[in-house]
Chemist: 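Before I ask anything, here is the structure I am working with.
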Amino acid sequence: MPELPEVETIARGLAKRVTGDVIESVWLGQKKEPLKSPASQIAAALEHTRIRQVHRMGKHIVFDLENVRTSKSNGRKPNAQWIVHLGMTGRLQVCDPETEIAKHTHAVLKLSSGRELRFVDPRRFGRLSVATKTEFDATGIEPLEIDLARFIPLFRGRKTPIKSALLNQKLLRGVGNIYADESLFRSGIRPKRRAATINRDKLAKLHSAIQEVLKEAIALGGSSVSDYVNADGEEGFFQLQHRVYGREAEPCLVCKTRIKRVVIAGRSSHYCPKCQK
DNA sequence: ACTATTTCCTGGATGC
DNA sequence: TGCATCCAGGAAATAG
């Protein structure tokens, strides 16, 4: 389940591999779920463009494109961006054209280097879109950039559980289920605590816990829980550092109390009943 | 303006 | 071994 650290790792890997390459042609599958706009529109925005940069915004991968003049296109269209959200099971692979097309492949971009950039997503929770008129701007604030003064008011007056608030991409963008649970454990806050009832001191702990967890996870290449691999097909290692996520009924690493699992907003939430209040 | 719930989707795990 | 059922969860849609 790619969250901020996984998406950051993937975006960096893609940047290394495809920056400067030119998208010559685009094939899009028939399944409509992964496409946020009509296939023809997406294809037209991508074809005959050079990939200037690949970066991450929240859980989105953003390809900055620049038009390439060809005999067919006069280059009058504005520069666009290709926005990829991996959902739960989305993958972007760079491979030779000879590589067998994986099941659930929804997009194939032919690159001038002779390689292909493919989007594969069995569950189809991922989304492909383009920003043509204005620059893409995801909702929410980057959790690694927000300072404490702007972090604290995010939760003011919110009756929702803090876990739900952390998953709300309109507040912070990029935190998902794993890193919400891990951050709450490190700051000693129960996931069901109403956001508005947490004092400044605890929020300050949460603020630094989120940034620590995300930075450590990025350094380890993300968490490989289901089938996540980076752009080079390598697994991440942060799953070995998980203190609560996926550890239901196992002993807390601090106090040996059994880790509990509850469902909040339809999501598994893991916590230590003794360490988190 | 918020908040809670439901829905979308497939593959892997589980149970009988 | 086979078949049904459950579960994972990001975000949009829906309902309250």
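In what follows, every heavy atom counts, from backbone to side chain, and hydrogens, waters and symmetry copies are set aside. Letters A, B, ... are given to chains in the order of the sequence lines, protein chains preceding strands, and every chain is numbered from 1. Nothing here was measured: the structure is a model prediction, and the numbers come from that model.
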Chemist: Between B:dC2 atom P and A:Asn168 atom CG, what is the distance in whole Å?
Modeler: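 Taking atom P of B:dC2 as the reference, CG of A:Asn168 is at 10 Å.
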Chemist: So among A:Lys163, A:Arg243, A:Arg190, which one has a salt bridge (Lys or Arg N to Asp or Glu O under 4.0 Å) with A:Asp181?
Modeler: A:Lys163
Chemist: Which residues pass the salt bridge (Lys or Arg N to Asp or Glu O under 4.0 Å) test with A:Lys59, sequence neighbours left out?
Modeler: none
Chemist: Between atom CG in A:Leu167 and atom P in B:dC2, what is the gap in whole Å?
Modeler: 18 Å
Chemist: Hydrophobic side-chain clustering at under 4.5 Å (ILVMFWY, transitive links): who's grouped with A:Tyr271? Put none if nobody.
Modeler: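 The other cluster members (ILVMFWY side chains, heavy atoms under 4.5 Å, direct or chained) are A:Val262, A:Ile264.
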Chemist: Any chance you could list the contact pattern along nucleotides 4-9 of chain B? Use B for base contacts, S for sugar-phosphate-only contacts and - for none, protein heavy atoms under 4.0 Å, 5' to 3'.
Modeler: S---BB
Chemist: Taking CG from A:Leu4 and P from C:dG10, how many angstroms apart are they, rounded to a whole number?
Modeler: 13 Å
Chemist: In this structure, how many angstroms lie between the P atom of C:dA8 and the CD1 atom of A:Ile178, rounded?
Modeler: 13 Å
Chemist: Have a look at A:Lys31 and say if it touches a base, only the backbone sugar-phosphate, or nothing, with a 4.0 Å heavy-atom cut-off.
Modeler: nothing
Chemist: Test question: given the 4.5 Å side-chain rule for I, L, V, M, F, W and Y, name all other residues clustered with A:Val254, or answer none.
Modeler: A:Phe185, A:Val244, A:Ile259
Chemist: Below the 4.0 Å mark, does B:dG11 have OP1 or OP2 next to a side-chain nitrogen or oxygen of A:Lys103?
Modeler: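 Result: yes.
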Chemist: With nearest nucleotide decided by heavy atoms, which residue, A:Gln169 or A:Val263, maps closer to the 5′ end of DNA chain C?
Modeler: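 Residue closer to the 5' terminus by nearest nucleotide: A:Val263.
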Chemist: Using the test side chain to side chain donor-acceptor pair (under 3.5 Å), find all partners of A:Ser223 that sit at least two apart in sequence or belong to another chain.
Modeler: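 Result, side chain to side chain donor-acceptor pair (under 3.5 Å) vs A:Ser223: A:Tyr179, A:His242.
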Chemist: Can you identify which nucleotide, out of C:dA8, B:dT10, B:dT3, has its nearest atom closest to the A:Tyr245 side chain?
Modeler: C:dA8
Chemist: Measure from the side chain of A:His104, starting at C-beta and using heavy atoms only, and say which of B:dT10, C:dA12, C:dG10 lies closest.
Modeler: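 Nearest listed nucleotide: B:dT10.
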Chemist: In whole angstroms, how far is the P atom of C:dA11 from the CD1 atom of A:Ile83?
Modeler: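 So the CD1-P distance, A:Ile83 to C:dA11, works out to 14 Å.
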Chemist: For A:Asp121, is there any backbone N or O sitting under 3.5 Å from a side-chain donor or acceptor partner on A:Thr89?
Modeler: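 No, A:Thr89 side chain to A:Asp121 backbone: no donor-acceptor pair under 3.5 Å.
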Chemist: In sequence, state the C-alpha distance, the side-chain angles, and the governing distance for A:Leu35 and A:Gln41, and then conclude on side-chain contact (heavy atoms from CB on, under 4.5 Å).
Modeler: CA-CA 10 Å; A:Leu35 308 182; A:Gln41 196 180 318; over 6 Å; no
Chemist: If the cut-off is 4.0 Å, is A:Ser268 near the phosphate of C:dA8, judged by side-chain N/O to OP1 or OP2?
Modeler: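 Answer yes for this pair, as a side-chain N or O of A:Ser268 is under 4.0 Å from OP1 or OP2.
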Chemist: Rounding to 10°, can you tell me the angle the first-five-pair axis of the helix from B:dC2-C:dG16 to B:dC16-C:dG2 makes with its last-five-pair axis?
Modeler: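 Both end axes considered, the difference amounts to 50°.
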Chemist: Which other residues belong to the hydrophobic cluster containing A:Val62, where Ile, Leu, Val, Met, Phe, Trp and Tyr are joined when side-chain heavy atoms lie under 4.5 Å apart, directly or via other members?
Modeler: A:Met57, A:Ile83, A:Phe136
Chemist: How long is the line joining CG of A:Asp121 and P of C:dA11, in whole Å?
Modeler: 13 Å
Chemist: Give A:Arg261 one of three labels, base, sugar-phosphate or nothing, depending on what nucleic acid heavy atoms sit under 4.0 Å from its own.
Modeler: sugar-phosphate
Chemist: Name all pairs fulfilling the side chain to side chain donor-acceptor pair (under 3.5 Å) condition that reach into residues 98-108 of chain A, sequence neighbours left out, sorted by first residue then second.
Modeler: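 Of all non-adjacent pairs touching residues 98-108 of chain A, none passes side chain to side chain donor-acceptor pair (under 3.5 Å).
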Chemist: Taking only residues two or more places apart in sequence, or in another chain, which ones meet A:Lys36 in a side chain to side chain contact (heavy atoms under 4.5 Å, CB included)?
Modeler: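 In terms of side chain to side chain contact (heavy atoms under 4.5 Å, CB included), with neighbours along the sequence ignored, A:Lys36 is linked to A:Arg127, A:Ser129.
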Chemist: I need the CE-P distance between A:Met88 and B:dT10, as an integer number of Å.
Modeler: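 The distance from CE of A:Met88 to P of B:dT10 comes to 14 Å, rounded to the nearest Å.
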Chemist: Nearest whole Å is fine: how far is C:dG10 C1' from A:Leu172 CG?
Modeler: 15 Å
